[in-house]
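Nothing here was measured: the structure is a model prediction, and the numbers come from that model.
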Amino acid sequence: MRRDLANPRLLRVLNERRLLDQLHEHGPASRADLAKSTGLSKPTVSAALAGLAEDGLVHLVGEVSGRPGPVSSLYDVNAASTHVAGIDIGRDWIRVAVADLRGAFAGRTDGRNTARTSAELAALVGELAGAAAREAEVEWRSITCAVVGSPGVYDPVRGGLDFAPNLPGPPDLADRLHAALGVDLVIENDINLAAVGEHAHGAGRGKANFALVSIGTGVGMGIVINGELYVGARGAAGEVSYIPAADDPLTGPPAQDADPFTHGATEAATSAPGVVRAARAAGLELETAREVFAAAAEGNEAARSVVEAEGRRIGGLLVAVAAVLDPEVIVLSGGVGRNLDLLGASVERRIAELGPLRPRVVASALGDSGVLLGAVAHAKSRAWDLIFDARKH
């Protein structure tokens with residue numbers, strides 16, 4: 001017999017985890033139903049439920065009558081027993097949500113990102129986190145786990161963020177966030193978390209293999225393979241902003257002023273700032289990509305040409321994604337990417353020109369909440385692990 005399975009405490013915790021996973025996934029159940037669904041004996045289920053109830057992790061939520069035999073008590077996860085937090089750090093906005101163990105938001109605060117230094121950014125995140133906790137009526141220090149979604153790739157060994165040119169320097173944001181928040185903290189690429197959010201709540205739900213391509217202030221991709229987030233050997237999988245941008249007579253050459261070591265050629269041409277540069281080159285005095293798409297929707301021919309070229313660039317990128325990953329679906333998100341109503345025709349035409357690959361492309365329906373939903377989902381999963389790690393000792 002394995003030594004760990006001979007440990008009574010560990011066996012108890014494993015049984016408790018099996019019951020909680022069942023309740024979390026399927027909702028309230030009686031002792032008899034839990035014994036049947038988990039394969040555990042009724043005495044084992046009763047003992048495990050008693051321990052979980054004593055610690056506030058499960059509670060009685062009702063009774064089942066009308067069956068042969070005595071009335072059965074219904075148990076469920078006490079989702080409010082523990083809270084987690086998700087944090088989305090974008091160039092323009094910071095979003096913080098405090099949620100229960102089922103991922104339901106109990107408090108949320110969004111604020112403009114006005115920070116010019118990493119110190120200001122960490123302080124602002126801390127203020128918004130405190131406000132979200134107050135709305136949820138919990139103490140921030142009681143948060144079991146917080147997950148931060150940020151541009152770039154976090155190096156846990158060095159403790160720094162790479163590939164994050166859109167964040168203010170100096171590059172010590174990770175350390176400052178740990179100090180400002182003071183709880184168990186995970187830092188993850190924001191687009192990876194958007195893919196997690198899409199897998200849990202959006203167009204990736206039920207899909208074992210899909211990709212989320214975000215085109216907004218920057219360009220990035222989150223990858224789900226066999227139902228799990230794939231980040232690569234060093235966390236840089238999906239950094240498609242660094243794919244070389246090919247010359248095309250209808251899209252134009254890569255931006256001549258693009259620094260391939262900062263933003264990458266694809267990001268320089270395809271992101272929101274690239275759309276604005278293209279619009280100005282076409283004689284349009286517009287300030288944002290949103291304005292460019294609005295003008296195209298109103299029938300402005302110059303803006304429509306800019307959008308057509310943008311769609312072709314995106315189509316080329318999606319063919320590259322499909323050739324490498326062969327996903328069930330590619331979800332487009334971000335301030336630019338989700339305009340599939342305007343981009344869709346040119347994206348499809350470009351895909352058709354480039355060969356036989358025909359990826360299914362859909363727009364994200366999660367809006368600005370995708371990263372936040374993914375961060376909460378990740379934090380919730382980690383919280384369960386932390387809870388049961390503590391129960392082993």
Show the nearest heavy-atom pair for residues [X] and [Y], with the distance to one decimal.
X    : Y    : answer
N300 : A302 : OD1-N, 3.0 Å
S81  : G56  : CB-O, 3.2 Å
L193 : H378 : CD2-CD2, 3.9 Å
L318 : P359 : O-CG, 4.3 Å
A211 : V321 : CB-CG1, 4.1 Å
T217 : S271 : O-CB, 3.5 Å

Value rounded to 0.5 Å, distance of [atom1] in [X] from [atom2] in [Y]:
X    : Y    : atom1 : atom2 : value
I94  : L372 : CD1   : CG    : 12.0 Å
S214 : N189 : OG    : CG    : 9.5 Å
L40  : L19  : CG    : CG    : 5.5 Å
R349 : L354 : CZ    : CG    : 13.0 Å
L52  : L20  : CG    : CG    : 4.5 Å
E308 : R350 : CD    : CZ    : 10.5 Å

ILVMFWY network linking [X] to [Y], side-chain heavy atoms under 4.5 angstrom:
X    : Y    : value
L366 : V362 : no
L14  : L49  : no
V376 : V148 : no
V84  : V138 : no
L229 : V331 : no

Run the salt-bridge test on [X] and [Y] with the 4.0 Å N-O cut-off and return the result as yes or no.
X    : Y    : answer
R205 : E198 : no
R102 : E25  : no
R108 : E135 : no
R358 : E348 : no
R338 : D368 : yes
K380 : D385 : no
E16  : R12  : yes

Judged by atom type as modelled, is there a donor-acceptor pair below 3.5 Å linking the side chain of [X] to the main-chain atoms of [Y]?
X    : Y    : value
N15  : L11  : yes
E188 : G149 : no
N209 : N226 : yes
R141 : G182 : yes
N339 : L342 : no
D100 : H83  : no
T109 : A132 : yes
R280 : L286 : yes
T82  : L101 : no
S305 : E301 : yes

Taking the side chain as every heavy atom from C-beta outward, state whether [X] and [Y] have any atom pair closer than 4.5 Å.
X    : Y    : value
V306 : V275 : yes
T270 : I314 : yes
V58  : L23  : yes
V224 : K207 : no
L60  : L74  : no
I215 : E267 : no
Q22  : L34  : yes
I191 : L212 : yes

Practice problem: Please step through side chain to side chain contact (heavy atoms under 4.5 Å, CB included) for the pair R112 and D92, ending with a clear verdict. | Solution: CA-CA 6 Å; R112 284 279 186 182; D92 297 322; 4.3 Å; yes
Practice problem: Using a cut-off of 6.0 Å, state whether more than 12 heavy atoms not belonging to E120 lie near its atom CD. | Solution: yes
Quiz item: Does a side chain donor of either S150 or D190 reach within less than 3.5 Å of an acceptor in the other side chain?
Solution: no
Exercise. Give the intermediate values and the outcome of side chain to side chain contact (heavy atoms under 4.5 Å, CB included) for residues D55 and R391.
Key: CA-CA 10 Å; D55 292 336; R391 293 179 73 80; 2.5 Å; yes
Practice problem: Determine, stepwise, if the pair L181 / W140 fulfils side chain to side chain contact (heavy atoms under 4.5 Å, CB included). | Solution: CA-CA 8 Å; L181 296 174; W140 174 258; 3.8 Å; yes
Exercise. Determine, stepwise, if the pair V336 / F293 fulfils side chain to side chain contact (heavy atoms under 4.5 Å, CB included).
Key: CA-CA 8 Å; V336 171; F293 281 94; 3.9 Å; yes
Practice problem: Assign the ring pair H199 / F210 to parallel, tilted or perpendicular, where the plane angle (0 to 90°) is split at 30° and 60°. | Solution: tilted
